[in-house]
Amino acid sequence: MSANGGFDVLVIGSGASGLAAAVSAGRAGARVALATKGSLQSCNSAKAQGGIQAAFAEDDSPERHAEDVWRSSHETADMRLVEVLTSEAPSAIHWLEELGVAFTREHGSYRLARCGGATAKRLLQVGDRTGHAITTALREACEADGLTVYPKSPLASLEPGESGWRARIGEHTVDAATVVLAAGGRCYAEAAERGELSTNHPGATGEVTRLALDAGAEARDLDALQYHPNGGAWPETMQGYSIPETTRAYGAVLLNADGEEFTDSLGPRDVVAQAIVDEVTKGNGVETPDGRPAVYLDTTRISQHDAELSLPYMLRRYRACGIDPLVEPILTYPVLHYQNGGLVIDADAETTLEGVFACGEIAGGTHGRNRMMGNSLLECVVFGRRAGRAAAKRASE
Ligand SMILES: Cc1cc2nc3c(=O)[nH]c(=O)nc-3n(C[C@H](O)[C@H](O)[C@H](O)COP(=O)(O)OP(=O)(O)OC[C@H]3O[C@@H](n4cnc5c(N)ncnc54)[C@H](O)[C@@H]3O)c2cc1C
């Protein structure tokens, strides 16, 4: 075990939130180390397809965005955090562009889609590999800025130290004035325990939340887990795949066995997921060839133009399995997807432990008990930047 003093900010996790925090802390003048469980590339963020919300449309505003979050959360979100999220969304997008993210454009402006629970078109996309584009740009910034990186170094303990915090990460012991926890949610582990499918990466196991709770941090809504309404149900190789919500934004609708629409396909996530489960329970669903419950997602209603611009990866994946979603409907059923709650934070992303910050899926409050799609990547960037800057400032005091 090697002891290593001398960091201002230690970031745990290399998803969008950890990378955004590390880059921001470094650019605020801090000596930064970033530790992550696997390779730098492995995280949920890179799997995100659909997009990222920001109010750019003429009929939209940060206030309207905030109202949609409040309503979709069933009035459980922390409005201090929501206001930060929606008001800083446009500048977060411009920051990503400066780092090289090229959002899909059309007719001279962003191509915007309306996502579930939204009252305006607000979802920016990079084709249907938005998370991949964002994490690649952030990783390149980390590398260009020369930050110290510890891959394959899972956080195993976190304790108060002489000048801040002492962390055991893999084989190393690291002291840092401040720590940013950005280790994501726990839906992979939770699905394995329940014997269910999940969209999540195998690293999404939640032990960092447990370490923070053991150190005395407060959490909220940890029981509120989100099912993605549209997990792939068939073919077998697509089981657990999250069919982008943009399929529904671009015209796909949910149908029962009789070909009838049974819910508003663009309702809030929890409402749509529950409607599918209820329809199947009523005996109106279909069965996959391996006996799993499902309903149809009629993707044949999506235009070729929209599909080619905004769903190329999804099309490629299904076509490689011999199914063309533009020719036949696909089978879908809800899958475990997202941890809505998490560590309690303030507007600077500081937890209830002094000098310990949290951002991204590990933090709670921004979405209350039900997140809108496209707001998680946004949360990662907005609160990742805030966490990085605040952690750097605290370290310098
Ligand atoms: C398939 C899929 C599609 C999605 N689509 C969208 C979308 O279109 N729009 C949207 O807004 N959101 C989407 N989401 C949600 C969103 O991508 C995630 O919630 C968000 O990216 C989480 O980012 P994060 O940085 O908090 O965590 P992650 O990206 O999960 O990163 C966590 C990091 O912490 C590391 N880690 C875990 N444990 C430890 C440990 N003990 N020690 C050190 N490191 C550790 C992990 O290895 C990983 O690097 C999607 C999610 C999935 C799974």
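Each ligand, and each atom within it, is numbered from 1 in the order the structure gives. This chain uses plain numbering: 1 for the first residue, then up along the sequence.
Just one residue in the list Pro154, Ser14, Ser42 forms a side chain to side chain contact (heavy atoms under 4.5 Å, CB included) with Lys37, and that residue is Pro154.
Heavy-atom contacts of Tyr338 reach the following atoms of ligand 1: 19 (O) (cutoff under 4.0 Å). Near Leu155, the atoms of ligand 1 lying under 4.0 angstrom from a non-hydrogen atom of the residue are 40 (C), 41 (N), 42 (N), 43 (C). Near Ser17, meaning under 4.0 Å from one of its heavy atoms, ligand 1 places the atoms 24 (P), 25 (O), 26 (O). Listed by number with element, the atoms of ligand 1 under 4.0 Å from a non-hydrogen atom of Glu361 are 18 (C), 19 (O), 22 (C), 26 (O). Residue Ser376 has at least one heavy-atom neighbour below 4.0 Å for each of these atoms of ligand 1: 11 (O), 12 (N), 15 (C), 16 (C), 18 (C), 19 (O), 20 (C). Close contacts of ligand 1 with Val208, meaning ligand atoms under 4.0 Å from a residue heavy atom, involve 39 (C), 40 (C), 41 (N). Of all atoms in ligand 1, listed by their number and element, those nearer than 4.0 Å to a heavy atom of Gly374 are 9 (N), 10 (C), 11 (O). Shown in contact with Glu207 at under 4.0 Å from a heavy atom are these atoms of ligand 1, numbered in order with element: 38 (N), 39 (C), 40 (C), 41 (N).
The closest approach between any non-hydrogen atom of Gly131 and ligand 1 is not below 4.0 Å. Using a non-hydrogen distance threshold of 4.0 Å, Thr130 does not register as a contact of ligand 1. Contact analysis puts His337 in contact with ligand 1, with a non-hydrogen atom separation below 4.0 angstrom. The closest approach between Arg210 and ligand 1 stays at or above 4.0 Å for every heavy atom of the residue. The shortest heavy-atom distance from Gly51 to ligand 1 is under 4.0 Å. For the ligand labelled ligand 1, residue Ile12 lies inside the 4.0 Å heavy-atom shell.
For atom 1 (C) of ligand 1, the nearest protein heavy atom (residue, atom name, distance) is Ser242 OG, 3.3 Å. In terms of protein heavy atoms, atom 27 (O) of ligand 1 is closest to Gly184 CA, 3.5 Å. Closest to atom 45 (C) of ligand 1 among all protein heavy atoms lies Lys37 CB, 3.6 Å. Scanning all protein heavy atoms for the shortest distance to atom 6 (C) of ligand 1 gives Ala48 CB, 3.4 Å. In terms of protein heavy-atom proximity, atom 28 (P) of ligand 1 is closest to Asn44 N, 3.6 Å. Nearest protein heavy-atom contact of atom 48 (C) of ligand 1 is Ser42 O, 3.4 Å. For atom 37 (C) of ligand 1, the nearest non-hydrogen atom of the protein is Ala183 O, 3.4 Å. Shortest contact from atom 8 (O) of ligand 1 to any protein heavy atom: Gly50 N, 2.8 Å.
When ring centroids are compared, His132 and Tyr313 stay outside the 6.0 Å threshold. His65 has its ring centre no less than 6.0 Å from the ring centre of Phe56. Taking the six-membered ring for Trp and the full ring otherwise, Tyr227 and His337 have centroids separated by 6.0 Å or more.
Within the 4.5 Å cutoff, the side chain of Arg389 has no heavy atoms near those of the Lys393 side chain.
Electrostatic pairing of Arg394 and Glu397 counts as a salt bridge here, judged by a charged N lying under 4.0 Å from a carboxylate O.
Seen from the ring of Phe7, Arg31 does not count as a face-on cation partner, given the 6.0 Å and 45° thresholds.
Between atom 14 (N) of ligand 1 and the options Gln53, Arg371, Gln49, the minimum heavy-atom separation is to Arg371. With Gly15, Ala46, Ser45, Gly360 as candidates, the residue nearest to atom 23 (O) of ligand 1 on a non-hydrogen basis is Ser45.
Between the CZ atom in Arg27 and the CZ atom in Arg385 there is a gap of 10.0 Å [rounded to 0.5 Å].
Residues Thr86 and Glu63 bring no donor and acceptor atom of their side chains to less than 3.5 Å of each other.
Residues Glu143 and Leu40 approach most closely at OE2-CD2, 4.0 Å, considering heavy atoms.
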